[in-house]
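Input: a single structure, listed below in structure tokens.
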Amino acid sequence: MEELMNRLEGKIAVVTGSARGIGRAIVEKLAAHGAKMVISCDMGESSYEQGNVVHKILNVTDREAIKTFVDEIEKEYGKIDILVNNAGITKDGLMLRMKENDFDTVIDVNLKGTWNCMKHATKLMMKQKYGRIINISSVGGIQAGPAQVSYFAAKGG
């Protein structure tokens, strides 16, 4: 545990999809184990008890918003050491009844949103010659079920 804290000390971390569930748990662990600052990004409101957590409303499908966000992080903190791409949604439904718009929305958030965040954070990480990117996926990327075709397609990607 002490080794983990030493590795996180002074690190700036960004976690998408972090208002609740897995994302929130990741934020809480990073903050509790010594990260200098954890930027929690989600479409919804959230509150955290740790003093080293900042919550930002962020739509991962908006390329320009992601670029602006990364530029702001660089200005304020000078770096991003860790990016955790956790944002994800599902719109359950049988494929024959699924609307193309619902399919596109899931792909845009779960797959394209991950790409958007990686694209802009990677530029900063390359400039600073350090960075770690963690992409959260699902067993659904390996074995699909009948009512979540868009989710499984995105996680497989």
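Below, all heavy atoms of this structure are taken into account, side chains as well, without hydrogens, waters or symmetry copies.
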Stepwise side-chain contact (heavy atoms from CB on, under 4.5 Å) test for Ile133 and Met125: CA-CA 10 Å; Ile133 298 174; Met125 289 176 172; 3.8 Å; yes
Euclidean distance, Met95 CE relative to Gln148 CD, rounded to 0.5 Å: 14.5 Å
Residue pair Lys112 / Thr61, side-chain heavy-atom distance below 4.5 Å: no
Distance, nearest 0.5 Å, that separates NZ of Lys56 from CZ of Phe69: 7.0 Å
Nearest atoms (heavy-atom pairs only) where Gly78 meets Leu124: O-CD1, 4.4 Å
Side chain to side chain, Cys41 and Val14, heavy atoms closer than 4.5 Å: yes
Met37 and Glu76: CA distance, side-chain angles, deciding distance, side-chain contact (heavy atoms from CB on, under 4.5 Å) verdict: CA-CA 11 Å; Met37 183 57 63; Glu76 189 164 345; over 6 Å; no
Salt-bridge present (Lys75, Asp71; N to O < 4.0 Å): no
Exercise: identify the closest heavy-atom pair between Val27 and Ser18: CG2-CB, 3.6 Å
Hydrophobic cluster membership, Ile73 vs Val70, 4.5 Å side-chain cutoff: yes
Atom pair CD1/OH of Ile82 and Tyr130 - distance to nearest 0.5 Å: 6.0 Å
Heavy-atom pair of closest approach, residues Gly44 and His55: O-NE2, 2.7 Å
Minimum heavy-atom distance Val60-Cys117, with the two atoms named: CG1-SG, 3.8 Å
Ile12 side, atom CD1; Leu30 side, atom CG - distance, nearest 0.5 Å: 11.5 Å
Inter-residue atom distance Thr16.OG1 - Asn59.CG, 0.5 Å rounding: 11.0 Å
Arg132 and Lys11, any side-chain heavy atoms less than 4.5 Å apart: no
Neighbour count above 12 (heavy atom, 6.0 Å) for Lys79 NZ: yes
Flag side-chain contact, heavy atom, 4.5 Å: Gln50 against Val38: no
Side chain proximity check, Val84 to Ile134, heavy atoms < 4.5 angstrom: yes
Heavy-atom check, side chain of Val54 versus side chain of Tyr77, under 4.5 Å: yes
Cluster link Ile66 to Val15, ILVMFWY, side chain under 4.5 Å: no
Greater than 12 external heavy atoms within 6.0 Å of Met43's CE: no
Whether over 12 other heavy atoms sit under 6.0 Å from Ile22 CD1: no
Heavy-atom pair with the smallest gap, counting every atom of His120 and Arg63: NE2-O, 3.7 Å
Separation between OG of Ser40 and CD1 of Ile57, rounded to the nearest 0.5 Å: 8.5 Å
Flag side-chain contact, heavy atom, 4.5 Å: Ile26 against Ile136: yes
Check: Asn135 and Met118 side chains under 4.5 Å, non-hydrogen atoms: yes
Heavy-atom pair of closest approach, residues Asn52 and Ala35: ND2-O, 2.7 Å
side-chain contact (heavy atoms from CB on, under 4.5 Å) partners for Lys155, two or more places apart: Asn110, Ser137, Ser138, Tyr151
